[in-house]
Amino acid sequence: MRAILLIVAILAIVAAPMAAPWLQFVLTMAIAKGLAALGVAVLLRAGMISIGHAMSFAASAYGVAFLARGGISDFGVLLVLSVVVTGLAGAVVGAFLIRYRAIFFAMLNLAVSMVFYALFAKLYGLTGGTDGMTIPVPTVFGVVLSEPTFKAVLFYGSVALMLLVGLAVHRYLDSPLGHALSAVHTNEVRLEYLGVPVWAVLLVAYIVSAVLAGMGGAIAGFAIGRVVPDFAFWTASGHLVLVAVLGGIGGVPGAFIGAFFLELLHTEAAAFTDAWNLIVGAALIGVIMFLPKGLYGLLTRSEVPAK
Amino acid sequence: MSASILQVRDLHVEFNGVKAADGVSLDINEGEFLAVIGPNGSGKTTLLNLCTGYVRPKSGSIHLDGRAITGLSPRVITRRGVARAFQIPQLFSDQSVLDNMMLALAAKDGLWTMLRPLALPARREEATALLDLVGLRDDKNRVSRTLPEGHRKLLDIAVALALKPRLLLLDEPTSGVSTLERFSLMEALMSALRTRNITALFVEHDMDVVARYADRVLVWNAGTVMAQGHPDEVFKDERVLKNVVGVA
């Protein structure tokens, strides 16, 4: 049943911009944020809340801008290099942060992300300050495309990436390493007594989450054509946590469901009223109060633990 | 006599001035089933904590198969072949009984198989066989937090066995297990230990269990070894009868 729902949802996403072209940008951004929120959801499996993952999101987008400024113009190369650099940065930051738990982990992520934000905003000569940096339309496999054509390629490429990455993350979470990650949340002591290096389990998860946020940031940068320091602001990090919780962390689709729901709600609400935050907020309260497992929980409701 | 697998020498540890180990030396011999008895608070669990690296001694040394393990982390000591079952079962409470077992088996095999599922058919089969051994086969799909206390205890022991240890440390394996199930659990445990050639140390308050199954008894009192020997000899010792058996 869920497989059918998934196929229908993918077909609807792919077809939507044909019916309403304005949806192409909204859905591309939803996928970008969904990827980043999936990164947050991976860490949430271990009970670790990061209120700073916008730093990886922003770092990757800035990475694309710097690489483009450095003369690299191919879409694939820009995407891969920026994500790799973000993953390496995640390894360095993660090696320090995974020593902490609970509120300390959350707040240290926030602190580090705000350092990134300040650097992006203040190093005017390098980053353009609050004006940000332009991300030009790249070539795709050496082919020069018009902006509308590239945006269409970006959208369909993002859908494909969402499916591939979703599958890979599903495999990761279903592997011993993924189960060990969940086990960190419930019993770190037993995990050590199984001979499992908890630090390594968490570091892998942190790098995976940084890479996912990096993919999202790069896609967002390409979609908007510009990157600004606000990409790394703490509210952006909070937004990613919100998307992850809203969608539900019980499975990979949750993050994307949350992202699509929030982006579409935001877009629709903003079209009706300036007080769109009120509508978004009311919807969030409703979901959080009545769907503790998030929107994805609606699809998994029938699966109660076997007694 | 069999070779010594674990050597503890002149171990000292204290908590807020209370001596939990006061110059203790002892050996655990290969293949034996050593019981540690003693009053509550005498430091029996501390001995397990010391041997598994959870507590570091103030002084003294611990060697496993002639290699020093003093001060190493529980993770490293576990990888060297020492497994532990706890007085309060340490489980992954949100995961199923089977997943608890398969994660232990995967940890033993090497966790770094990122793209292979946890539930490989061979691993599932091995986990089910171990659950069968401790009588938990019917519970394998239950979430472990929903198990009754006695079954949680059994699962904790099965998880430790899944690590295929050289030395197994058990902290009150029969506490929380019903009287009816107590001896069947011990029979299953002894069978598993013998067939897998596992040496074991167990802390126990049930003297019937100790008398029936232990090869040797070590009496722990106020951080020292008061007596040790065959159960028949130890349970005739006046000091043991007065200070330990009467209060155990």
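In what follows, chains carry the letters A, B, and so on, assigned in the order in which the sequence lines appear, proteins first and then strands, with residues in each chain numbered from 1. Side-chain atoms are counted along with the backbone in the values below, which use heavy atoms only and exclude waters and symmetry mates.
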Colleague: Tell me, for A:Leu173 versus chain B, whether the close heavy atoms (under 4.5 Å) come from the side chain, the backbone, both or neither.
Modeller: neither

Colleague: Any chance you could measure A:His179, atom NE2, to B:Leu103, atom CG, to the nearest 0.5 Å?
Modeller: 8.0 Å

Colleague: For A:Leu11, look at atom CG and say whether over 12 heavy atoms of other residues, nucleotides or ligands are found less than 6.0 Å away.
Modeller: yes

Colleague: What residue, out of B:Gln90, B:Lys108, B:Arg79, B:Arg80, has the most heavy-atom pairs lying under 4.5 Å from chain A?
Modeller: B:Gln90

Colleague: Would you please classify the geometry between the B:Tyr54 ring and the A:Tyr193 ring as parallel, tilted or perpendicular, with 30° and 60° separating the classes?
Modeller: tilted

Colleague: Using a 4.5 angstrom heavy-atom cutoff, name the option from B:Pro74, B:Ser96, B:Ala106 with the most pairs to chain A.
Modeller: B:Pro74

Colleague: Is it true that, when you exclude A:Tyr156 itself, more than 12 heavy atoms of the residues, nucleotides or ligands shown sit nearer than 6.0 Å to its OH?
Modeller: yes

Colleague: Are any of the side-chain heavy atoms of B:Asp156 and A:Arg190 separated by less than 4.5 Å?
Modeller: yes

Colleague: Measure B:Leu91 against the heavy atoms of chain A and call it side chain, backbone, both or neither at under 4.5 Å.
Modeller: backbone

Colleague: Could you tell me if the side chain of A:Pro176 sits less than 4.5 Å from the side chain of B:Met102, heavy atoms only?
Modeller: no

Colleague: Side chain, backbone, both or neither: which part of B:Thr52 has a non-hydrogen atom closer than 4.5 Å to chain A?
Modeller: both

Colleague: Would you mind reporting whether B:Phe92 and A:Leu191 have side-chain heavy atoms less than 4.5 Å apart?
Modeller: yes

Colleague: Tell me whether A:Arg99 at atom CZ has more than 12 heavy atoms from other residues, nucleotides or ligands lying less than 6.0 Å away.
Modeller: no

Colleague: So which residue, A:Pro197, A:Gly178, A:Ala200, ends up with the most heavy-atom pairs under 4.5 Å with chain B?
Modeller: A:Pro197

Colleague: Just wondering, are more than 12 heavy atoms of other shown residues or ligands nearer than 6.0 Å to CG in B:Leu64?
Modeller: yes

Colleague: Does a sphere of radius 6.0 Å around CZ in B:Arg124 hold more than 12 heavy atoms from other residues, nucleotides or ligands, not counting ones at 6.0 Å or beyond?
Modeller: no

Colleague: Can you check side-chain contact (heavy atoms from CB on, under 4.5 Å) on B:Thr78 and A:Val196, steps first, answer last?
Modeller: CA-CA 9 Å; B:Thr78 301; A:Val196 175; over 6 Å; no

Colleague: Count the heavy atoms belonging to other residues, nucleotides or ligands that lie under 6.0 Å from CG of A:Leu5, then report whether that count exceeds 12.
Modeller: yes

Colleague: Do the side chains of A:Ser182 and B:Gln95 get nearer than 4.5 Å, heavy atoms only?
Modeller: yes

Colleague: Side chain of B:Arg75, backbone of A:Glu192: donor and acceptor closer than 3.5 Å?
Modeller: no

